[in-house]
Structures are given as C-alpha cells and as structure tokens.
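Take a look at the structure below.
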Amino acid sequence: MTSLWPRVEPLLARVRKPARYIGCEDGAVVPVHGRSKVAWLLAYPDVYEVGLPNQGLQILYEILNERDDAVAERTYAPWVDLEALMRERGIPLFSVDAHRAAGDFDLIAFNLSAELVYTNVLNMLDLAGVPVHAARRRPEDPLVVIGGHAAFNPEPLADFIDLAVLGEGEEVIGEITEIVREWKVGGRTEGSRQTVLRALAQVPGVYVPSLYDVVYEGERTVSIEPKFDDVPRLVTKRTVADLGRWDYPRRPLAPLTEVVHDRLAVEVFRGCTRGCRFCQAGMITRPVRERPAEQVRTMITEGLRRTGYNEVSLTSLSTADFSGIEQVVSGIVPDPTACGAPTISLPSLRVDAFTVGLADKVSSGRRSGLTFAPEAGTWRLRTVINKLITEEDLYGAVESAFSSGWSRAKLYFLTGLPTETDDDTRGIAELAAGCVRVGRQHTKRASVTVSVGGFVPKPHTPFQWFGQNGVEELQRKINLVRGAVGKGSGVQVKWHDPRASLAEGLASRGDRRMGAVIERVWRNGGTFQEWSEFFDLERWTDAVAAEGLDTDWYVTRHRTEDELLPWEHLSAGLHRDFLWQDWRAALDEHGLPDCRWTPCYDCGVCTGDGLEHIVASPVPPAGGSQGTGQDLSRGGEVPVKVRT
Amino acid sequence: MKVRIAYSKLGKVRFLGHLDMARLWERAFRKAGLPVAVSTGFTPRQKLSFGLALPTAAESLVELLEVTFDTERVDVEVQDLPSRLSGLLPEGIVVVGAAMVEAGSVSLQEDVTATTWVLSIDHPAPELATRIASVMGAAECWLERERKGERRRDDVRPGLLGLEIASPTCLLGLPSEWKASATGTLVEATLTTAGRGIRPTEVVEVLLPGVQPWDVLDRVLRTTQWIERPEATCAPFGVRIRKELDNERQLTGR
C-alpha cells in the first residue's frame, strides 16, 4: 500500500486551494487495508468543496469502514491546475485519506447527482490509469460502479461502468462487498471479471449493463434483453425500509477548508409524495420514511458536539413536511459554552406561512433572504406540474417573511414546462412583482430575485415523454420574463444557461449510443461541464453530429406511449401505467394531492416493495394547501380537480 | 479573560490557509465546550484574534492567537488548555502554550516585530552562501513584487534582519521529522514585520532572481516570533529559542 503523498506534496504549494487534497477531516478514518478486505474508493466527480458535504458518500464511507471485510477511502475531481501537474509527472488519481492510487482499489464507486459530471467520470478513470471502456478492463483493474439519482438512467455510461446501483446504498453495499471479497481472495484470475459481474447481477438493485443486449432499429430502441437466463429482465431499486435503523453519518465529516454546505446535515426523512411531476428526486425516492424525532435530536446534539459546528441543516426533499419538526425545533437548547443556540437551517422551504413561521423561530441573527420554489407562474401551469401552491400560499409566505424582518426573497421557477404558454411565462414576473408589493408594505428595501431554470425532463417521471424546449425557445421565454419585469420594480431576474440545459437533456434521456458522445466531449477537453467557464455547447453538438446522431431526436422530441424507453428495464418501483396516466392528467390540468394523507393512487412503490409510508403523524402538517385536507379552492382560484 | 495561545502547524495541515485556520479554531473551542466570549450584534462571532498570517504551505513552530473567555459562564483553567485543545485539532496542530494576557495590552499584530524562518531551498549551499553575502553586504536590495494587485519596486534590504546558511545550533532546535523531509539547503532568515516587510518567498526571489519560489522552495518553517519588551527580547510562552542571546542583541541593538 504505497502512498503517493511524497509525489503529491511538492505540487500542492503551486495549486489553488491545496487543502482539498490533504484529507485530515474530523470524522475521517485511518484506513487499514488487508488482503481479505474489499477496498472501496468512493468518488465524487466534481471538486472537493462540492463533493465533501455529499451525505450519500459520507454514509457509505462510514458503513463500509465499520465492516471487518471492507475499507473505504474517498476521492474528488482534482481541479485543472493539479490535474495538469499530475499528468505531466505521471501521478495517478489518488484518495484523500491515505493518498493511495485509485487503481489499487477493488472498486471505484462514483456518486452521480447530475448528468453534466459524466465527462469527469471518464476523466477520473483515465487519470486513475483505468481503461475508460469497461470491455477493456483487465482482472487487476477495479470494478467501476455508479450510484445516486443519475444512475437511474445509466445507459449513456453503459460502456464505461461495470455496474450501476439503483436506489439507496446502505444495505446493498454489504452484499456487493461479500461477492467482491470472494473474487479478491480468489486471486482475481484471468476471466474471473465476467464471473464476478454475473454474480453481482443477481443482487437486487445491481445492474450490469454488459449483460444486456440492446437492439436499435433506426433511431429507436426496440429491445433490451438480458444475455443469460439468470440475469434479471427488470432491475428494481433498493429501498431502506426503516430510516431509524440507519442513523448515519454518526461521525460526520467536518472539512478543514470551506465547502459549499459548511454545516452539520441531519437527514429527517427520505422520499416525497407531493408528486411534483417534474421532480425526479420525488418520484424515485418514494415512499416517505421519516426518522424518529428523538433520533433526529440525538443526531443533532451528537453531530454538533463532534464537529464543533453551530449550524445544522435539517435535510429532506421538503423539511416542513416532517411531522416531528416542531418537536425537534423546540428541543434545541442553547449550550452555555457555545455562542448561544445553534442555528437551524431549513433547505427546501415549503411555500406557506407556517413554514416561514418555523424559519422565523429557528433563525438567529442575520436575515438575508428566504427561498421559495413556486416553479410556475400561473395556477393553471402549477396544476399541470402538480405543484399545488396557490397565489395566496405564496403571498402569505412572503407577507410572513417580510413582516418578520426578512428583506429579500428568492423565487425559483422552471420554464419550458409542458403546456406552458407565454401568459404562464409572463406570470413569473407578475408573481414576483406581487411579492414585492406585499413586501414593500413592510420594508422599503423589499426585493425579490427570480431564478429561472430551463426544464429538463427526467427518466422515471411523468414528464419523461415530454419533448424538452430547445435553446432558442428557452432563451425566448427567459427574455419574456426579463421583458415583463419593470425597471425599479425590485425584481431581479437570474437564469440558468439554456445551452447547459440542452447538454443535460442529451445525457438525461440518452441511450447507450450517447456514450460515444460523452467520450468525444471528454477527449476534446470537456471536463467540469457544470462550471460555466468550462462549458461549451458546441463540444456537445459537434460530438453528436460526429457520431451521426440527432440532438433534436434525443432532446426536443415528444415520446409516444408505445416507445421503448432506454431505461425501461430499470425500475424505481413506479408502474409505467401510473406514470403515463399522470402524464395524461398533467395535460388535462388535473392535480393529484399528496398520498400521505389521501388514499393510495397505486403508483406501485409501496405495494411492489411491501413498504409503507412511515410518517409519525397521521394528520397533515399545519399550513399549505396541497394534500393537507384544506380547501384547495380558496382564493377564488379554479378548484383543482382531483382524480379518483 | 484574555488568553494568548501558541501552537505549532506542521505537516499536511500546512496547506490550510489563514481563514481555514480561523474556522478550525472556532470549531475547536466549541468542541472543547470552552466559553469563548462572543461579539454582540446580528452575527455573533467568537472573540478571537490571530497574529501574523502564515502563508499557505508554510509551517510553523509557533503561531499565536488570542481568545477572550467569558469566565462568568464557565470557569477556564489556563494551564489545562494545551491538553484540552490539542486532541480536538487535526494532526500537526499542537497547542504548545497558553498564558493569560492583561486586558488592554497591544494586539498580537503589533506585538510581534520580527519573525525567524528556516527555508529549505533546492539549490547548492556554496552558491547560496555567496548570494547571501552579496545581498547582506549591500545597502539596498530592490525587488519587483506584487502588493495589493499592483506591481511595484521596493527596497527590501531594511526588512532583512538576518540571513545565513542555517548553523548547526539552529538545526538543533528543529523537529527531526521536519529535518528528515526537508531536502534542500537550509537557510535561516529573520525578517521584520513592520512597514514593507518581506515574505519568505520573496527571500527566495532575492537570492535566486528569475526563479519561481515554489519551484525551489521545498519547505519553509517559521521558528520564532519575536516580541520586544523594554527589559529584553523574548518569545512568548517559553517556546524553546535558539540563539536567544544573539538575536536579542541583534534585535534590540537595531
């Protein structure tokens, strides 16, 4: 186990932010490798500052290191300055824990939270000295694994990975470890790579792309078939039934240098059944599983004590929906030795006055801004996307915020949504202006920032059949919003580059043929594509053309019901019929309330997995109109038609 | 109660910047459960003040910080601080001393008037010795450098209080691990902090014009921070001082 540190160390004084390459965090382990221990390298394909806070990676790091038969280290994408020096000197990708060469691990497991990082995956493999094509890997090369939300359509990466893991990793990593351990102990003989992959394909939730034949006729996928009888036709995601049994991370990683979320994070629940139709996370992480409130409190107290942070973020897809929220918040007491009470931050605020009241209660000190996500500018369009927030909800939330001392609000919107008209788009500016009007009754400084992102349809959602808006159409809509915002109105508009949305669209719903495009983008220097200074759409469109493919066919084309989608052999537990019906309901402007507190729609997840929502409270939380039993028709809006 | 703390920063953690160190200390005091006084206002901050910033990638035997404790909340035993804090800090940061300071005393930044460094320079000793003799023998030493985003030419000679190939006595005071990993020629430099001071990397630029300092600067270690008192020149907290008397004469005879 040789350390690359003596070769890395002399380079670090010459690169930016060298602290991201030294490890040494609170909570980091001193890895002890062994011949009968499976060595995992947990990799995040973006810079350390972005990757370190990732909770999935931290959880698996700890669970693996607790095992007798495994050891885990971490790596992140080195920034371009260090990468250049490493390549110049032939230094391979290394772990930050013990500075061990990436190629010396048994598995390299990438956490993929978004699509534009795919080229970094290839780059990191190449930097590790591992052949980027799975077919060319030798017995001594590590197995390349992907997991995370983007792994639900792993097809664009099929040529480069050995396996993809669908869903939550807590349990399945142990099962993978046991199989890989046998392979390792057996000496990884010539040809054994195929055997171990075949064995891994039997593990529920594990998908081995090389064991499937995909047939295309013209542009269309016509069949996806396993090559062998013992390889499953349908790979279904893994779900941890009881979050209370997995109170990780117990030793959170506290970095020595500043990272994007520089605070303690405690996950309060998984899954979300609000049913927003654009939201892949909400669809693929069902059902809702809450952590017991008492455990949340213990994790907060212990985590703060261990890390020395004085801020904790309660994470989930919609934290105000956590039924134990009041209990947790009221249980946080000031520590006499610290700077007063720790600050609790609530990401993903629900849009209603109750939530703002909660934020008011937990925030201490400066009140810079609150963020809400109405997502669409009109009630009509919000029924299409099933984000059932009334204008009253929003104005109530904003009123509550500005009257409690906040002076800025940030509103997130998507544009390029199904059925979106120009009136809907301009509605974004009107809503924002309305919020400023409400705010100015309380403070002259009231201002609202509108952030507009181009909608990219995602697999395993009701919108997976929708043809994405092209670059020009998205830009036109962004300009509509900008034009509808008056000067001096107190509304500021920011937007996501529509060109990046197009590239994201290529990778999001791509099939295996997209792999050659990704490889070409990478070979032409396209790393760090999430960073605007490195993103260049032409690299993508040129690569698509060079591979004889058609960007519009992949991105802007509407899919039909009978089309075989490239991820049809992979399941997040949702019935195809449910998704299709929900897509039709969207087009009919039918809303669908939250199934936590209404009868089951049989989306397939709970019944298929023998699971149920684990919600501590049988009654919906106070406030908010969606699915909470409150009158959805208030405010003179058109009542939402609830499908039965 | 105001306490001055001395700590070393050696090894991998030398790549932490000054601001990272500040955050690290805030977390360490909270982990230790020490009642650090906080500023009033919208964003209460711990009352910490740091001495002269140590450049990222440089190491030190003695870094200084001052912390104010609110002993009305919880009592603090100053002599226990080194053992209480060292275990809560990453490997390479060790608290070597803690002492109460009088309220109203001058700030750390003003108190320290000179610092001594050992530079490990990847260059033959005889040539460096010649360069040192010529620099120290001259009345002026002009260096083009960047300050606050501007290129400018300064005479850095007044900032160079001492510059020599490290003597055997100097080496005695250095940690053996550090000596083992430093592979270049060791040069000892004592630099003023006042006025237009000179940085250790700039010492390399003066000695080897045209060279990128970090291409040849293998390691750099701050060994002493000098504090002048009317009675004598001394380093805080009894950190072991090399050539203490020599330096005392040199510094006080300025």
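Residue numbers begin at 1 in each chain, while the letters A, B, ... track the order of the sequences.
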Around atom [atom1] of [X], are there more than 12 heavy atoms from other residues, nucleotides or ligands closer than 6.0 Å?
{"X": "B/E72", "atom1": "CD", "result": "no"}
{"X": "A/R445", "atom1": "CZ", "result": "no"}
{"X": "B/R151", "atom1": "CZ", "result": "yes"}
{"X": "B/E177", "atom1": "CD", "result": "no"}
{"X": "B/E146", "atom1": "CD", "result": "yes"}
{"X": "A/R251", "atom1": "CZ", "result": "no"}

So, do [X] and [Y] sit near enough that their side-chain heavy atoms are less than 4.5 Å apart?
{"X": "B/F15", "Y": "A/K17", "result": "no"}
{"X": "B/R23", "Y": "A/L256", "result": "no"}
{"X": "A/P18", "Y": "B/T56", "result": "yes"}

Report task. Rounded to the nearest 0.5 Å, what's the gap from CG on A/L12 to CH2 on B/W214? Could you check? Result ->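 Interatomic distance, A/L12 CG to B/W214 CH2, rounded to 0.5 Å: 11.0 Å.
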**Report entry** CD-CG distance between A/E258 and B/D20, expressed to the nearest 0.5 angstrom
**Finding:**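 Those atoms lie 7.5 Å apart.
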What part of [X] gets closer than 4.5 Å to chain B, counting heavy atoms only: side chain, backbone, both or neither?
{"X": "A/E25", "value": "neither"}
{"X": "A/P6", "value": "neither"}
{"X": "A/R306", "value": "backbone"}

Query raised in the report: Would B/R30 count as a cation-pi partner of A/Y309, with NZ or CZ less than 6.0 Å from the six-membered ring centre and within 45° of the ring normal?
Result: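 No, cation not above the ring by the 6.0 Å, 45° rule.
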Report task. With chain A as the partner chain, list the residues of residues 79-94 of chain B whose heavy atoms fall under 4.5 Å from it, by residue number, and write 'none' if nothing qualifies. Result ->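 Residues B/P90 are the ones that qualify, each having a heavy atom under 4.5 Å from chain A.
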Query raised in the report: Hey, which of B/R14, B/E26, B/M21, B/Q212 has the most heavy atom pairs under 4.5 Å with chain A?
Result: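 Highest number of heavy-atom pairs under 4.5 Å: B/R14.
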Query raised in the report: Under the side-chain hydrogen bond (donor to acceptor under 3.5 Å, both in side chains) test, which residues partner A/R14, sequence neighbours left out?
Result: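 Only B/D215 meet the side-chain hydrogen bond (donor to acceptor under 3.5 Å, both in side chains) criterion with A/R14.
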Query raised in the report: What residue in A/P10, A/C24, A/A254 has the most heavy-atom pairs under 4.5 Å with chain B?
Result: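 Winner by heavy-atom pair count: A/A254.
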Query raised in the report: Non-hydrogen atoms of chain A under 4.5 Å away: do they reach the side chain of B/L24, the backbone, both or neither?
Result: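 Just its side chain gets close to chain A.
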Requested in this report: Sequence neighbours left out, what passes salt bridge (charged side-chain N to carboxylate O under 4.0 Å, His left out) with A/E83? Give chain and number order.
Outcome: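 Here the qualifying residues are A/R87.
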Query - Heavy-atom pair with the smallest gap, counting every atom of A/D26 and B/R27 - result: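 Answer, listing the atom of A/D26 first, then B/R27: OD2-NH1, 2.8 Å.
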Query raised in the report: Listed by chain and number, what are the ring-ring contact (aromatic ring centres under 6.0 Å, His included) partners of A/Y44, not counting sequence neighbours?
Result: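 By the ring-ring contact (aromatic ring centres under 6.0 Å, His included) rule, A/Y44 matches no residue at all.
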